[in-house]
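These numbers come from a predicted model, not from an experiment. To find a chain, count down the sequence lines: A is the first, B the second, and so on, and within it residues start at 1.
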Amino acid sequence: MKERLLVTSALPYANGPIHFGHIAGAYLPADIFVRFKRLNGADIVFICGTDEHGVPITLSAEKDQISPKEYVDKYHKVIKGIFDKFNIRFDSFGRTTHPDHYDLTQEFFMNLLKKNLIKPSMAKQYFCASCNKFLADRYVKGTCPKCGHNKARGDECTSCGSWLDVLELKEPSCGICSSVPELRETKHWYLQLQDMSAQLDQWLSEKKHWKENVITWVRSMIKEGLKERAITRDLSWGVPLPLDNTEGKVLYVWFDAPIGYISITKQWARDIGKPDEWKKYWLDPSCRVMHFIGKDNIPFHCIVWPALLMGQVEGYNMPYDVPANEFFNLDGRQFSKSDGWYIDIEDFFTRYKTDSIRYAIAANAPETRDSDFTWKDFQGRNNSELANIYGNFVHRTLAFIIKYFDETIPQQPAKLSEPALKAREEAHRLIDEISSCYNNYEARKACFLIMEMGRLGNRYYDSEAPWATRKSNPDRCAETIGFCTELISYLAYVSYPVIPESAAKLWRMLGNMTEIDMIPWDRIKTIRPAGFKLKNVAILFEKIEDEQIQAEIDTLLKNCEKAGGVKPASPAASTAAPASGPVVNIDDFRKLDLRIAKILEAEALPKSDKLLKLRVSVGGETRQLIAGIAKHYQPQQLIGKNVVIVANLKPAKLMGEVSQGMVLAAKNGDVLALLGPDADISDGSQVS
RNA sequence: GGCGAUGUAGCUCAACUGGUUAGAGCAUUCGGUUCAUACCCGAAAGGUUACUGGUUCGAUUCCAGUCAUCGCUACCA
């Protein structure tokens with residue numbers, strides 16, 4: 001039976017454009033996975049859309065003097081445009097302001113309410129009369145009761161970092177208009193997460209296949225104890241409560257957002273003219289639901305969202321897996337438009353190709369820990385991997401066919417020679433390995449193995465030297481080139497999930513009539529392109545010049561400076577480590593036995609370029625020291641010198657030689673200088 | 001503050017439940033080759049696995065502590 005999957009990527013918040021960090025965490029990995037699974041014949045629906053409610057949107061809209069609706073319309077389009085540029089293909093890119101979504105969200109609420117998993121309760125909250133709205137904690141400003149800082153936020157003091165209860169804040173003012181808010185009683189509804197923790201824990205305990213970081217993190221959260229959580233707020237923008245006398249109250253955005261996964265699937269079903277089709281994915285238990293997210297979303301998708309699903313009567317499929325990625329930063333710091341620490345995506349695509357960036361991100365994806373985008377890395381991935389290894393292997397082979405085989409892929413002999421058979425075996429092994437990487441969300445390793453295949457091709461090509469056999473052994477030459485095109489077919493195919501556009505283009509260059517994504521994965525090993533006439537052969541990946549990358553780096557730094565952001569420390573500023581560290585007392589210092597030693601003999605250690613073996617005299621005693629100073633001193637120039645050594649250092653073995661102490665030297669970058677006494681003094685003298 | 005993660009070659013990362021000499025790629029140096037996008041192929045060099053202690057015949061791996069970096073801490077999506 002066909003594998004059936006419903007894959008989602010976290011719904012981006014329609015409050016601004018998304019950046020590389022988002023792409024690397026939740027979207028590109030999902031797109032690669034979906035493309036791979038489709039090649040394997042899986043029946044998949046890939047869902048995403050914009051999350052369009054919540055306070056930040058209302059505030060941003062106000063700032064721009066447009067309605068929230070106009071505001072999210074704008075960003076829905078902007079974000080969709082970005083996904084198109086990245087060639088991330090959702091079956092449906094919906095939105096949470098769709099009427100279907102309102103209906104379904106209210107249904108979710110009512111079901112939970114009936115099961116007593118949502119309960120109302122009264123709370124005190126600041127209300128700003130001039131803004132005519134209740135204020136979320138973080139929008140109340142005031143004086144911190146702990147440190148007296150006068151610009152503390154209601155949830156946290158920005159100066160001392162303490163956690164605050166908004167009610168203990170002194171001299172509160174409205175964070176939006178600065179007028180004095182009043183305390184009002186208001187009724188809110190709370191999700192009773194604590195009542196579901198046993199059920200959630202039981203459910204999670206079965207998730208043996210989840211990523212370890214996800215499962216341990218979530219289960220420890222449950223162990224710490226779940227608390228009820230407010231799901232409503234006083235606002236006009238959002239899904240209204242489906243109860244009487246609750247005007248001005250909407251469901252909190254986090255409550256309605258994940259429900260979007262289902263409501264958008266419904267929108268999709270309607271769009272394709274089969275309104276019940278969504279049930280195959282959400283109600284049929286054979287379908288696996290997978291949520292690709294960034295790590296910041298783990299609690300929502302592994303606790304809150306399953307809890308919402310458990311409280312329903314429909315019997316929706318629970319998440320089968322939640323592949324969460326870590327963060328993708330820009331050279332060590334989170335992307336931040338307000339700090340000028342960002343890359344303008346529109347601008348980016350005027351100069352670079354989609355597949356270059358897809359590859360660069362995938363090859364460096366934050367699968368197990370945070371990772372970085374750097375311009376240098378991007379250039380390196382593009383030039384030395386895509387262009388030099390992958391692109392060049394393709395090009396040298398195809399150019400050869402054009403020149404010497406009349407643009408037609410030569411036939412391979414019925415029985416291949418030994419080197420080709422060995423290379424084929426290796427290539428087939430790589431295909432299997434790449435397949436399992438894609439299955440395990442290891443795009444990064446898959447990229448590496450794709451390049452391994454490219455290297456395999458180049459190695460084979462070099463060892464066969466078809467440019468020589470062309471004259472000496474034309475049959476062998478034809479076999480070589482024929483087999484290289486077989487390798488290129490593999491290469492195009494296995495790289496398709498990551499670089500779909502280039503792979504498809506390459507596939508067509510080889511003269512294939514069938515589109516690459518119509519070939520099932522289990523047939524790929526039998527592909528034998530021969531007799532095809534090449535079509536539209538062209539360079540796949542252009543190189544990126546150093547000057548251009550430097551210009552990008554300069555632009556980034558300039559933007560950062562303009563925004564008043566902190567410029568990253570220039571590595572050229574200082575090579576010496578700052579003179580600081582833990583403070584020691586005099587007793588600690590006295591533990592060191594520092595002595596003057598006279599160097600009697602010095603010789604280089606044969607197998608080391610850094611170490612010198614010294615014989616020194618310390619007050620009549622002779623010792624052997626190993627010192628890492630060979631790059632800075634010739635053995636001869638050391639003989640007779642007085643130096644300072646640590647005499648009571650525990651002896652250590654370096655390169656098989658015992659070192660009974662340590663010679664002191666000062667170091668700054670590449671400069672190194674030995675310490676010695678200012679005047680002549682006998683060896684063995686104590687240093688204090 | 002609490003919880004968690006991470007720290008391995010100049011850079012980016014590997015190393016299943018502890019087990020020969022800690023591995024790749026990029027960058028570097030040297031050599032080869034000329035079909036190709038000045039590419040490719042080969043070789044070399046490069047490490048006190050953050051630090052300190054413990055368990056063990058044996059620790060990058062397990063434990064404790066220290067330092068550093070980062071994340072989450074749920075009315076910031």
**Q** Taking the six-membered ring for Trp, does A:Phe400 stack with B:C35 (centroid gap under 5.5 Å, planes within less than 30°)?
**A**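 No, A:Phe400 does not stack on the base of B:C35, since the centre distance and plane angle fail the 5.5 Å and 30° test.
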**Q** Between C1' on B:U6 and NZ on A:Lys211, what's the gap in Å once rounded to a whole number?
**A**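 Rounding to the nearest Å, NZ of A:Lys211 and C1' of B:U6 are 15 Å apart.
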**Q** How close or far is atom P of B:C70 from atom CG of A:Leu330, stated in whole angstroms?
**A**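 It works out to 15 Å between those atoms.
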**Q** Would you measure the distance from the C1' atom in B:U49 across to the matching atom in B:U6 and give it in whole Å?
**A**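 Nearest-Å result for B:U49 against B:U6 at atom C1': 14 Å.
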**Q** Within this structure, what is the CD1-to-P distance between A:Ile57 and B:A77, rounded to whole angstrom?
**A**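 That distance rounds to 8 Å.
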**Q** Under 3.5 Å for both distances, Watson-Crick or G-U wobble, that's the pair rule; now give the dot-bracket for RNA chain B, with | marking pairs to another strand and [ ] for crossing ones.
**A** (((((((..((((.....[...)))).(((((.......))))).....(((((..]....))))))))))))....
**Q** Could you state the atom-to-atom distance from CD1 of A:Ile298 to C1' of B:A5 in whole Å?
**A**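 Distance, rounded to whole Å: 11 Å.
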**Q** Using the P atoms only, state how far B:C16 lies from B:C75, rounded to an integer number of Å.
**A**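 The answer is 38 Å between these two P atoms.
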**Q** Answer with base, sugar-phosphate or nothing: what part of the nucleic acid does A:Gly391 contact at a heavy-atom distance below 4.0 Å?
**A**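 Base contact - A:Gly391 has a heavy atom under 4.0 Å of at least one base atom.
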**Q** If the C1' atom of B:U28 is compared with that of B:U66, how far apart are they to the nearest Å?
**A**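 That atom pair is separated by 36 Å.
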**Q** Counting the atoms with a prime plus P, OP1 and OP2 as sugar-phosphate, which does A:Lys403 contact under 4.0 Å by heavy atoms, base, sugar-phosphate, or nothing?
**A**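 Since only primed, P, OP1 and OP2 atoms lie under 4.0 Å of A:Lys403, the category is sugar-phosphate.
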**Q** Determine the Euclidean distance between corresponding P atoms of B:U8 and B:C70; express it in Å to zero decimal places.
**A**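 Approximately 15 Å lies between the P atom of B:C70 and that of B:U8.
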**Q** Measuring to OP1 and OP2 of B:A77, would you say a side-chain N or O of A:Asn297 lies under 4.0 angstrom away?
**A**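 No, outside the criterion.
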**Q** Under 4.0 angstrom, heavy atoms only, what part of the nucleic acid is A:Pro12 near: base, sugar-phosphate, or nothing?
**A**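 The residue A:Pro12 makes no contact with any strand.
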**Q** Mapping A:Ala387 and A:Gly454 onto RNA chain B by nearest heavy atom, which one lands closer to the 5' end?
**A**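 Final value for this comparison: A:Ala387.
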**Q** Which part of the nucleic acid does A:Lys295 contact within heavy-atom distance under 4.0 Å: base, sugar-phosphate only, or nothing?
**A**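 Sugar-phosphate, backbone atoms only, no base.
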**Q** Taking the P atom in each of B:C13 and B:U73, what is the distance between them to the nearest angstrom?
**A**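 Here B:C13 and B:U73 have their P atoms 24 Å from each other.
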**Q** Output yes when a side-chain donor or acceptor of A:Asn383 lies under 3.5 Å from a complementary backbone atom of A:Lys543, and no otherwise.
**A**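 Here the side-chain-to-backbone pair does not exist.
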**Q** Would you find a donor on one side and an acceptor on the other, under 3.5 Å apart, between the side chain of A:Asn364 and the backbone of A:Asp372?
**A**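 Indeed, once roles are kept as given, a pair shorter than 3.5 Å links the two residues.
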**Q** Check whether NZ of the Lys or CZ of the Arg A:Arg229 lies under 6.0 Å from the centre of the six-membered ring of A:Trp254 and within 45 degrees of that ring's axis.
**A**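 So A:Arg229 does make the cation-pi contact.
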**Q** Could you work out which one of B:C40, B:A77, B:G42 sits closest to the side chain of A:Tyr13?
**A**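 Selected nucleotide (nearest to the side chain): B:A77.
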**Q** How many whole angstroms separate atom CG of A:Leu540 from atom C1' of B:C39?
**A**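 The answer, rounded to whole Å, is 15 Å.
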**Q** What nucleotide, of B:G25, B:C39, B:C72, holds the atom closest to the side chain of A:Lys543?
**A**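 The answer is B:C39.
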**Q** With the threshold set at 4.0 Å, does a side-chain nitrogen-carboxylate oxygen contact exist between A:Arg95 and A:Glu52?
**A**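 Salt bridge between A:Arg95 and A:Glu52, a charged N being under 4.0 Å from a carboxylate O: yes.
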**Q** Report the distance from atom CD1 of A:Ile389 to atom P of B:A24, rounded to the nearest whole Å.
**A**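 For the pair A:Ile389 CD1 and B:A24 P, the rounded distance is 16 Å.
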**Q** Measure CG/A:Asn392 against P/B:U37 and give the value in whole Å, please.
**A**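 Nearest whole value for this atom pair: 8 Å.
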**Q** If we take the C1' atom in both B:U37 and B:G31, what is their distance in whole Å?
**A**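 Between the two C1' atoms, the distance is 23 Å.
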**Q** Kindly point out which of B:C40, B:C26, B:U37 is positioned nearest to the side chain of A:Ser384?
**A**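 Ranking B:C40, B:C26, B:U37 by closest atom to the A:Ser384 side chain puts B:C26 first.
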**Q** Would you mind classifying the nucleic acid contact of A:Ser463 as base, sugar-phosphate or nothing, using non-hydrogen atoms under 4.0 angstrom?
**A**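 If one applies the 4.0 Å heavy-atom cut-off, A:Ser463 turns out to touch nothing in the nucleic acid.
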**Q** In whole Å, what separates the P atom of B:G25 from that of B:G42?
**A**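 Per the computed distance, 9 Å lies between those P atoms.
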**Q** Report the residue (A:Asn458 or A:Tyr461) whose heavy-atom-nearest nucleotide on RNA chain B is the more 5′ of the two.
**A**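 Looking at the nearest nucleotide for each, A:Tyr461 comes out on the 5' side.
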**Q** Taking the six-membered ring for Trp, are A:Phe378 and A:Tyr352 closer than 6.0 Å centroid to centroid?
**A**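 Yes, the ring of A:Phe378 comes within the 6.0 Å limit of the ring of A:Tyr352, centre to centre.
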**Q** Check whether NZ of the Lys or CZ of the Arg A:Arg184 lies under 6.0 Å from the centre of the six-membered ring of A:Tyr126 and within 45 degrees of that ring's axis.
**A**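 No, A:Arg184 and A:Tyr126 do not form such a contact.
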**Q** Under 4.0 Å between any heavy atoms, over every strand shown, what does A:Arg455 touch: base, sugar-phosphate, or nothing? Just pick one.
**A**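 Contact class for A:Arg455: sugar-phosphate only.
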**Q** Give a yes or no on whether a donor-acceptor pair under 3.5 Å exists between the nucleobase atoms of B:C35, that is its base, and the side chain of A:Tyr404.
**A**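 Result: no qualifying N/O pair found.
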**Q** So, are A:Lys295 and A:Glu326 salt-bridged, with charged N and O less than 4.0 Å apart?
**A**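 Salt bridge present between A:Lys295 and A:Glu326.
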**Q** If the cut-off is 4.0 Å, is A:Thr368 near the phosphate of B:A14, judged by side-chain N/O to OP1 or OP2?
**A**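 True: A:Thr368 side-chain N/O within range (under 4.0 Å) of B:A14 OP1/OP2.
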**Q** Just checking A:Ser371: base, sugar-phosphate only, or nothing, at a heavy-atom cut-off of under 4.0 Å?
**A**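 Sugar-phosphate contact only - A:Ser371 comes under 4.0 Å of backbone atoms but never of a base.
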**Q** Of the candidate nucleotides B:U34, B:C41, B:C26, which contains the atom at the shortest distance from the side chain of A:Asp462?
**A**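 The listed nucleotide nearest to A:Asp462's side chain is B:C41.
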**Q** Donor-acceptor check, side chain of A:His301 to backbone of A:Asn297, threshold 3.5 angstrom: yes or no?
**A**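 Yes, A:His301 side chain to A:Asn297 backbone: donor-acceptor pair under 3.5 Å.
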**Q** If you only use heavy atoms from C-beta on, which nucleotide in B:C13, B:A77, B:U33 is closest to the side chain of A:Trp467?
**A**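 Closest nucleotide among those given: B:U33.
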**Q** Just N and O in the side chain of A:Lys376: are any of them under 4.0 Å from OP1 or OP2 of B:C26?
**A**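 A:Lys376 to B:C26 OP1/OP2: no side-chain N or O under 4.0 Å.
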**Q** To the nearest Å, how far apart are A:Arg381 CZ and B:A27 C1'?
**A**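 Going from CZ in A:Arg381 over to C1' in B:A27 covers 13 Å.
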**Q** Provide the distance between the two C1' atoms, one in B:G54 and one in B:U61, to the nearest whole Å.
**A**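 Here B:G54 and B:U61 have their C1' atoms 15 Å from each other.
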**Q** Looking across every strand, which nucleic acid part, if any, lies under 4.0 Å from A:Ile303 by heavy atom: base, sugar-phosphate, or nothing?
**A**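 It contacts nothing in the nucleic acid.
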**Q** Quick one: do A:Arg429 and A:Glu433 make a salt bridge, cutoff under 4.0 Å?
**A**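 A:Glu433 and A:Arg429: salt-bridged.
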**Q** Does a side-chain N-to-carboxylate-O contact under 4.0 Å join A:Asp462 and A:Arg396?
**A**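 Salt bridge between A:Asp462 and A:Arg396, a charged N being under 4.0 Å from a carboxylate O: yes.
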**Q** Does A:Asp51 make a side-chain donor-acceptor contact with the base of B:A77, cut-off 3.5 Å?
**A**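 Side chain to base: no pair below 3.5 Å.
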**Q** Name the nucleic acid region contacted by A:Phe541, choosing base, sugar-phosphate or nothing; use a 4.0 angstrom heavy-atom cut-off, strictly under.
**A**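 If one applies the 4.0 Å heavy-atom cut-off, A:Phe541 turns out to touch a base.
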**Q** Compute whether any side-chain donor of one residue and acceptor of the other, for A:Glu385 and A:Tyr390, lie under 3.5 angstrom apart.
**A**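 A:Glu385 vs A:Tyr390: no donor-acceptor pair found between side chains.
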